[in-house]
Amino acid sequence: MIFLYKNICNEKQASLKKNIKTNDFKQKIEHIVFALREAGYDPYDQLYAYASTGNESYITRKGDARKLIAQLDREQIWDYIEPHIKQKGR
């Protein structure tokens with residue numbers, strides 16, 4: 001019984017950590033998208049270029065967007081921009 005309880009607790013903790021990580025990513029990427037728009041760029045074109053090359057110069061420094069992008073996983077960025085890129089026909 002104790003073993004089952006520990007497993008349930010561990011699963012809940014793992015789920016909570018994943019949700020926090022996902023929320024953290026969403027907040028950061030939305031901030032980056034906003035900063036890119038404010039700087040006059042198409043955010044999805046810039047994110048596509050960054051995800052393709054890893055070159056941070058595609059991301060504006062405005063609002064510390066460049067610092068934030070360095071904290072994000074490029075695979076998550078690809079997952080985020082994929083629907084927008086498909087819509088544009090890339």
Side-chain angles (χ1 to χ4, degrees):
M1 186 71 161
I2 293 173
F3 179 74
L4 181 60
Y5 176 75
K6 284 184 179 180
N7 282 343
I8 291 170
C9 288
N10 288 340
E11 288 175 13
K12 285 184 177 184
Q13 285 178 335
S15 177
L16 182 61
K17 285 180 183 179
K18 184 179 178 183
N19 286 341
I20 290 170
K21 197 172 189 178
T22 300
N23 288 339
D24 187 46
F25 173 82
K26 286 180 182 178
Q27 287 179 337
K28 288 178 181 178
I29 199 75
E30 287 173 2
H31 180 84
I32 293 165
V33 167
F34 179 78
L36 287 165
R37 279 197 180 115
E38 286 287 303
Y41 298 108
D42 179 318
Y44 302 104
D45 285 345
Q46 297 305 110
L47 288 168
Y48 178 84
Y50 168 75
S52 296
T53 65
N55 185 344
E56 293 175 359
S57 66
Y58 286 106
I59 306 302
T60 184
R61 290 181 186 200
K62 188 173 191 155
D64 286 333
R66 197 173 289 178
K67 287 180 184 177
L68 290 174
I69 199 81
Q71 299 171 10
L72 300 180
D73 179 62
R74 281 178 41 198
E75 282 300 314
Q76 282 185 297
I77 295 169
W78 276 116
D79 292 342
Y80 177 80
I81 63 173
E82 186 177 21
H84 303 283
I85 298 306
K86 284 183 178 179
Q87 190 176 24
K88 287 187 172 190
R90 286 192 183 174

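Position 1 is the first residue of the sequence; numbering continues from there.
- The CD atom of Gln46 sits 11.0 Å away from atom CD1 of Ile81, with the distance rounded to the nearest 0.5 Å.
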field: Chi angles and distances behind the side chain to side chain contact (heavy atoms under 4.5 Å, CB included) call for Val33, Tyr44
entry: CA-CA 8 Å; Val33 167; Tyr44 302 104; 4.2 Å; yes
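- Sorted by first and then second residue, the side chain to side chain donor-acceptor pair (under 3.5 Å) pairs involving residues 28-43 (not counting sequence neighbours) are Asp24-Lys28, Lys28-Gln71, Asp42-Lys88.
- For Glu75, there are no side chain to side chain donor-acceptor pair (under 3.5 Å) partners at least two apart in sequence or on another chain.
- Using cut-offs of 30° and 60° on the angle between ring planes, the pair Tyr80 and Phe25 is perpendicular.
- To the nearest 0.5 angstrom, Ile32 atom CD1 is 13.0 Å from Lys67 atom NZ.
- When all heavy atoms are compared, the tightest approach of Trp78 to Ser52 is CH2-OG, 3.5 Å.
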Please output the side-chain donor-acceptor pairs of residues 56-64 that fall under 3.5 Å, not counting sequence neighbours, one pair per line with the distance.
unit_1, atom_1, unit_2, atom_2, d
Ser57, OG, Asn55, OD1, 2.7
Ser57, OG, Asn55, ND2, 3.3
Thr60, OG1, Lys62, N, 3.1

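- Residues passing the side chain to side chain donor-acceptor pair (under 3.5 Å) test with Asp79, sequence neighbours excluded: none.
- Rounding to the nearest 0.5 Å gives a distance of 9.0 Å between NE2 of His84 and CG of Leu47.
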- request: Could you please spell out the steps behind the side chain to side chain contact (heavy atoms under 4.5 Å, CB included) verdict for Ile69 and Ile77?
  value: CA-CA 9 Å; Ile69 199 81; Ile77 295 169; 3.6 Å; yes
